[in-house]
Each structure stands twice: as C-alpha cells, then as structure tokens.
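Worksheet: one structure, shown below.
In each ligand, atom 1 is the first atom listed, and ligand 1 is the first ligand listed. Predicted model only: the values in this text are computed from it and were never measured. Hydrogens, waters and symmetry mates play no part in the numbers below; they use all other heavy atoms, side chains included. Sequence positions, counted from 1, serve as the residue numbers for this chain.
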Amino acid sequence: MVSFSAGQEAARRLLEGRQRYTCLAGGTRSGKTFLIVRMIMLRALKAKGSRHAILRHHANAAWASIALDTLPHVVEHCFPSVRLKEHRQDGYFALPNGSRVWIGGLDDNDRVEKILGLEYASVFLNEASQIPYSSALIAFTRLAQVTRGIRQHAFVDLNPAGKSHWTNVATRPRRSMK
Ligand SMILES: Nc1ncnc2c1ncn2[C@@H]1O[C@H](COP(=O)(O)OP(=O)(O)OP(=O)(O)O)[C@@H](O)[C@H]1O
Ligand SMILES: [Mg+2]
C-alpha cells in the first residue's frame, strides 16, 4: 500500500485537475517523478489504447532513470497486479489494455522522429530544466491523442530553475514541493 508525504498529497490532488499543463518543482528525492509516473499509469489504465510519452533531454538517462527505476518502483508500490510488457527496441512498455508508455530522449534524432511521429494523451517532460524550450514546444505539439475517459495533459517536473527559465513562464499552475 502506497503512502504520500504532505507535499506529495497536495501535488497528487493537483495532478488530478482538469488543467492541460502541470509542473511540479521541488528538491531532489521529493517524489515528483514518482507521482507523475503514477498518474500516467492511472491514465493509461483508465483509457484503453491510450499513448503516453515520458521524455528527458538524453535518451540514455530516460531509460536508466524511468524504465529501470521509477516505473518499476511505481508498479510495485501502486499497481502490483499490473504486468507491463517491455518493448525495449521500440522504446515503450505495453499495458494489458493496449495502452502504451513510451520512454525516450529529445537528443536522439532518429528515435525522436519515431516518438514524435505519434500523438499522445499524456506528455511528461522529466527534468525539464535540462530541456531546451524549442524541444519542449515540439514535444507539446504531440499532445493530441483523443481518447475516451481522459483529457490530454502535459506534465513537467524539475528541480527549481532560474526565474527566466521557460518553465517559470510557460507552465501554469506550478506546485512547489519544498
Ligand atoms: N510515495 C512513495 N512511495 C514509495 N516510494 C516513493 C514514493 N515517492 C517517491 N518514492 C521513491 O523515492 C525516490 C525519490 O522519488 P523521485 O525519484 O520521484 O523524486 P524526485 O523528486 O523526482 O527526485 P529528483 O529531483 O532527484 O528527480 C524514488 O526511489 C521513488 O521511487
Ligand atoms: Mg525526478
């Protein structure tokens, strides 16, 4: 059974809101990525056949931190009965209901074309302070899959960045997890 810190609990409620963009900003190990990956799993389970992209700047870091760490951790704690099928070559995990969770980097031209050739119900930019605004804008254009049961939603997480960083200007509302 999963439990949340007070900061995570407030952020969890925010993530369930009807807004299109949500950014979680907070210190390292405060549980931002865990919460957003959990929300993506909930959304993928709710809307069968839906697609969800989890993107970092570097593809290697995305696979190492999300596919091999956060995602298995979230499944173990929050969805112990759900079996994910890994399609490493194609860069995604398949859920039993046909939904798919892609994990990739925005630095890898071949892969990025493949990933961004699809439309998604969720786009999550992980560690967004490392992602250039131009790449973020391109990724957000792929937030376009129409599904039954869930609204399109972009998620962003980052460690606090400078006031002029695009995440301080372009994503509302934000939730600080200090
Ligand atoms: N509610 C929870 N229950 C169980 N484990 C959790 C929970 N929240 C977070 N964790 C685990 O705690 C660790 C830190 O969480 P997470 O990676 O989400 O933090 P973060 O805020 O994204 O950190 P960073 O800024 O370094 O990326 C991870 O191993 C994660 O799986
Ligand atoms: Mg994180």
Side-chain angles (χ1 to χ4, degrees), residues 1-17 19 21-46 52-86 88 91-93 95 99 101-108 111-112 115 120 122-133 135-136 139-140 143 153-178:
M1 187 57 188
V2 69
S3 60
F4 299 112
S5 66
Q8 274 190 319
E9 186 53 37
R12 184 190 66 77
R13 285 195 298 274
L14 177 68
L15 292 173
E16 288 173 357
Q19 69 278 4
Y21 295 91
T22 308
C23 175
L24 298 185
T28 186
R29 313 288 291 171
S30 57
K32 307 177 295 293
T33 308
F34 183 94
L35 271 187
I36 296 176
V37 170
R38 174 183 170 275
M39 180 53 58
I40 285 177
M41 280 292 298
L42 281 173
R43 289 165 56 78
L45 288 166
K46 190 168 179 190
H52 310 265
I54 301 179
L55 303 168
R56 283 183 73 133
H57 186 43
H58 296 296
N60 288 347
W63 200 264
S65 70
I66 304 290
L68 300 179
D69 188 15
T70 311
L71 184 60
H73 213 103
V74 166
V75 170
E76 180 191 333
H77 281 81
C78 309
F79 309 96
S81 62
V82 175
R83 293 283 165 267
L84 294 184
K85 187 157 186 237
E86 182 182 325
R88 176 77 169 97
Y92 69 83
F93 287 84
L95 279 73
S99 293
V101 177
W102 266 264
I103 295 170
L106 293 165
D107 62 337
D108 174 343
R111 266 287 162 81
V112 93
I115 291 184
Y120 299 92
S122 315
V123 171
F124 170 23
L125 300 187
N126 176 227
E127 298 283 355
S129 33
Q130 297 169 4
I131 297 177
Y133 190 39
S135 304
F140 288 148
L143 183 62
H153 200 144
F155 302 96
V156 173
D157 81 0
L158 68 149
N159 299 113
K163 283 243 178 323
S164 61
H165 193 264
W166 65 263
T167 49
N168 269 324
V169 180
T171 53
R172 290 285 184 271
R174 294 165 57 89
R175 169 78 207 172
S176 169
M177 293 186 54
K178 268 184 263 171

Between Ser135 and His57, is any side-chain donor less than 3.5 angstrom from a side-chain acceptor? no

Go through the steps to decide whether Met41 and Cys78 satisfy the test side chain to side chain contact (heavy atoms under 4.5 Å, CB included), and finish with yes or no. CA-CA 9 Å; Met41 280 292 298; Cys78 309; over 6 Å; no

Under 3.5 Å, side-chain donor or acceptor atoms of residues 156-164 against the rest of the protein: list the pairs with distances, not counting sequence neighbours.
residue, atom, partner, partner atom, Å
Asp157, OD1, Asn126, ND2, 2.9
Asp157, OD1, Glu127, N, 2.9
Asp157, OD2, Thr33, N, 3.4
Asp157, OD2, Thr33, OG1, 2.6
Asp157, OD2, Asn126, ND2, 3.3
Asn159, ND2, Gly26, O, 3.0

For a distance under 2.8 Å, give residue and atom name for each protein N, O or S atom next to the Mg ion (ligand 2). Thr33 OG1

Under a 4.0 Å heavy-atom cut-off, what residues line ligand 1? Val2, Ser3, Phe4, Gln8, Gly27, Thr28, Arg29, Ser30, Gly31, Lys32, Thr33, Phe34, His73, His77, Glu127, Asn159

Taking only residues two or more places apart in sequence, or in another chain, which ones meet Arg13 in a salt bridge (charged side-chain N to carboxylate O under 4.0 Å, His left out)? Glu9

Please check if the side chain of Tyr120 supplies one atom and the backbone of Ala139 the other of a donor-acceptor pair under 3.5 Å. no

Residue that, paired with Val123, satisfies side-chain contact (heavy atoms from CB on, under 4.5 Å) out of Ile40, Ile54, Leu55: Leu55

Could you label the plane-to-plane angle of the Trp63 and Phe93 rings as parallel, tilted or perpendicular, counting under 30° as parallel and over 60° as perpendicular? parallel

Derivation of the side-chain hydrogen bond (donor to acceptor under 3.5 Å, both in side chains) call for His58 and Asp107: CA-CA 5 Å; His58 296 296; Asp107 62 337; 2.9 Å; yes

Residue pair Phe79, Leu95: steps toward the side chain to side chain contact (heavy atoms under 4.5 Å, CB included) verdict: CA-CA 11 Å; Phe79 309 96; Leu95 279 73; over 6 Å; no

